[in-house]
Amino acid sequence: MAEVLVLVEHASGDVKKVTFELLTLARSLGEPSAVVIGDVTDDLVASLADGGADTVYVASGSEYGDHVVAPKVTALQAALAASGAAGVLVPATAEGKEIAARLAVRTGSGIITDAVGVDAGFVAQQSVFGGSTLVHSAVSTGTPIIAVRPNSVAAEPSSGVGRRVDLDVTVTDTDRLTTVTERVAQQKAGRPELNEAAIVVSGGRGVGSPEGFAVIESLADSLGAAVGASRAATDAGWYPHQFQVGQTGKTVSPQLYIANGISGAIQHRAGMQTSKTIIAVNKDPEAPIFDLVDFGVVGDLHAIVPQLTEEVTRRRA
Amino acid sequence: MKIVVCVKQVPDSWAEKKLNPTDNTLDRDAADAVVNELDEYAIEEALQIRERLGGADACTVTVLTVGPEKAIESVRKGLQMGADDGVHVIDDAIHGSDAVATSAVLASAIERLAPDLVLMGSESTDARMSVVPAMLAERTGRPQLTFAGKVELDAASSPGTVRIQRVTDYGYDVVEAQLPAVVSVVEKINEPRYPSFKGIMAAKKKPVETLSLTDLGVEAAAVGLTGSWSSVQDFAARPPRAAGTVVTDAGDGGTKVADFLSAQKFI
């Protein structure tokens, strides 16, 4: 059976959840192999084996983070050459999609992004136009390169062989055209990333002010959730732009999405419509968000959300 | 300094969009066509850079689009906002091109125009792939500075340098490179201006060059539905979500939600 490469997402020595989802998906398509780039520890390789990787291709080095995307493309290309893999799966994050894009051009391969599933023969399922249309897409040239959205499949870890192969990668001068001079962290530590989170709690126009987001954050923290915001809230400067969920922001597909004070215009629906369970709190009973919900409450979020946070904290205690 | 802004004409992002059942491509007649919103931020950024550099004597802004006849409207919008001239790549063979094929056409146009800086939105609101800026950097061998929330240009040195804040999940990275470079922008970067009446009148006299694939030396077989390396096989409307329960808060709304979360085993 041919190998299927999974580009590993990792930070601070930990493998991100989406990697285990992709390894699970890869197992249904062929022999799962992980490609891990950057600061690679033995523990990292071991956890990839536990997650199901039969082969772990390693491109170790500190230089990979010093330049935007391109050196990682070269490493992934080396893994593709070494493995003769039948397909490549990457997480559909901003960087994952850029790596996939450049790999596609370099290797003469077709690319599909934002897949929510991949069937036999690398036929990708996509949910487009804000989740209103389901599409099957396929690659006709080269090696299929498919960027899969986090939370699309449930990770089912199953121990793999975990054979380690160190790649011989030659990073070129063209890969070094950009230099990352500084990394600035603005996100509060301890909250899951918006893309990956199993639960997302969002606030919109109804939150009313930057201070109003404190109740949204408290609810999120009680549930171990990520915080999101509608465009109305980020445009008003109430919450940082990178947390925007919607057509011009992030697309999320968590197990649970709680929309607070968000009317549900298509701009927002486009970013969250494929969430598994949707809850909304809004004072307008006519708000279109209520067409999407599994459970909704018409009322003032500033009364309802703190009460909910208290209940969640009490029941979880 | 020469800046080229790549723009894409897309269906209005506030409208419902459809695919065309005959060839599975976007139905461009089903909704009003507008300039991709994120590209307007790129146009605005180009205009602000031109102003900072001292105006039209020091810097020119060209709006470039690839698309059918109607797509010239998106070039016009850029000219109305204040860009100096436009380039419209139009060829029947391009219809149905995927991102890889589109990036090949754009890259050929970029090589011909040879700008110091290429600016574009970080994604289009219809396809939402966010891959064309990276593909352009790959194809043209220019540095990739994408997802910029801030752009600073040092044009005084030679070659000039560009520094951006690359927006990430955790905040941002500061990234530098020498010109010529490819930069994509996110919406927080600025507030695009509306065309003034004067701008709208002036745009009518601004030159727009029309280029075909032959002009660019791109093989027709390398683009369009046949030249694309990926394609849509079939599509269907998503079944509507089953109607949920909506209650009105009577002082116990939070508790009701908690009950629902308990029943669904979230807590």
Side-chain angles (χ1 to χ4, degrees), chain A residues 68-70 94 97-98 101-102 104-106 109-113 129 131-142 174 177-187 193-195 241-242 247-248 256 266-267 277 279 290 292-299 304-305 307-308 311-312 315-316, chain B residues 13-14 16-17 19 37-38 99-100 103 125 128-131 134-135 138-139 141-147 149 166-167 169-177 186-188 229-238 241 244-249 253-258 260-262 264 266-267:
Chain A
V68 174
V69 176
K97 291 202 283 188
E98 290 191 329
R102 298 188 70 141
V105 168
R106 265 192 215 181
S109 298
I111 172 177
I112 294 168
T113 67
F129 302 155
S132 67
T133 306
L134 294 169
V135 162
H136 287 105
S137 298
V139 162
S140 55
T141 306
T174 314
L177 287 173
T178 57
T179 307
V180 178
T181 58
E182 197 184 349
R183 291 185 195 282
V184 180
Q186 291 176 315
Q187 184 165 7
E193 273 176 28
L194 195 46
N195 273 324
H241 172 84
Q242 66 262 34
Q247 190 140 36
T248 53
L256 173 63
I266 187 161
Q267 155 73 237
T277 299
I279 291 176
F290 287 124
L292 295 181
V293 299
D294 296 284
F295 192 80
V297 182
V298 179
I304 296 164
V305 173
Q307 185 182 58
L308 172 58
E311 276 297 312
V312 170
R315 293 183 196 197
R316 283 197 149 183
Chain B
S13 58
W14 297 88
E16 300 287 344
K17 291 178 273 284
L19 290 171
E37 208 182 319
L38 289 163
V100 173
S103 74
T125 54
R128 303 206 60 201
M129 291 179 73
S130 271
V131 294
M135 287 177 177
E138 178 69 32
R139 286 190 184 279
R142 288 167 164 78
Q144 173 194 330
L145 299 105
T146 41
F147 297 100
R166 173 174 165 87
V167 175
D169 286 330
Y170 50 80
Y172 62 88
D173 291 347
V174 179
V175 184
E176 283 180 1
V186 299
E187 65 181 276
K188 79 165 191 182
W229 298 344
S230 63
S231 62
V232 172
Q233 299 195 315
D234 58 65
F235 67 91
R238 169 182 285 273
R241 292 180 77 101
T245 309
V246 178
V247 300
T248 300
D249 182 32
T255 310
K256 289 255 175 68
V257 177
F260 177 82
L261 291 178
S262 294
Q264 300 288 318
F266 283 110
I267 51 175

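Below, chain A is the first sequence line, B the second, and so on; all start at residue 1.
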Between A:Ile112, A:Val135, A:Ile111, A:Val184, which residue shows the highest count of heavy-atom pairs closer than 4.5 Å to chain B?
-> A:Val184
Contacting region of B:Val247 [heavy-atom separation from chain A under 4.5 Å] = both
Engaged part of B:Arg142 at the chain A interface, taking heavy atoms whose separation is under 4.5 Å | backbone
B:Val232, part contacting chain A, at a heavy-atom distance under 4.5 Å | both
Given a strict heavy-atom distance threshold of 4.5 Å, which part of B:Phe266 is in contact with chain A: side chain, backbone, both, or neither?
-> both
Chain A: which of B:Met135, B:Lys188, B:Gln144 shares the most heavy-atom pairs with it under 4.5 Å?
-> B:Gln144
With a 4.5 Å limit on heavy-atom distance, are the side chains of A:Glu311 and B:Ile267 in contact?
-> no
Among the options A:Val312, A:Thr133, A:Leu134, pick out the one with the most heavy-atom pairs lying under 4.5 Å from chain B.
-> A:Leu134
For residues B:Val246 and A:Val298, determine if any side-chain heavy atom of one lies less than 4.5 Å from a side-chain heavy atom of the other.
-> yes
Using non-hydrogen atoms only, which part of A:Thr277 is less than 4.5 Å away from chain B: side chain, backbone, both, or neither?
-> both
Largest heavy-atom contact set with chain A, pairs under 4.5 Å, which of B:Val131, B:Asp173, B:Leu38, B:Leu19 | B:Asp173
Counting only heavy atoms closer than 4.5 Å, note whether A:His136 contacts chain B via side chain, backbone, both or neither.
-> both
Sorted by chain and number, sequence neighbours left out, ring-ring contact (aromatic ring centres under 6.0 Å, His included) with B:Phe260 holds for A:Phe295
Sort out for me which residue in A:Thr174, A:Thr178, A:Val68 forms a side chain to side chain contact (heavy atoms under 4.5 Å, CB included) with B:Pro143.
-> A:Thr178
Under 4.5 Å from a heavy atom of chain B, the part of A:Val305 involved | neither
Test item: B:Leu261 and A:Ile279 side chains (from C-beta on) under 4.5 Å apart, heavy atoms = yes
Applying a strict 4.5 Å limit to non-hydrogen atoms, the region of A:Arg316 in contact with chain B is side chain
Does a side-chain heavy-atom distance below 4.5 Å link B:Arg166 with B:Leu145?
-> no
Which residue out of A:Val69, A:Val139, A:Asp294, A:Ile266 racks up the most heavy-atom pairs below 4.5 Å with chain B?
-> A:Asp294
Looking only at atom types and distance, does a side-chain atom of B:Arg128 sit under 3.5 Å from a main-chain N or O of A:Gln247, one as donor and one as acceptor?
-> yes
With B:Glu37, which residues qualify under salt bridge (charged side-chain N to carboxylate O under 4.0 Å, His left out), at least two apart?
-> A:Arg231
Answer with side chain, backbone, both or neither: which region of A:Arg102 has an atom nearer than 4.5 Å to a non-hydrogen atom of chain B?
-> both
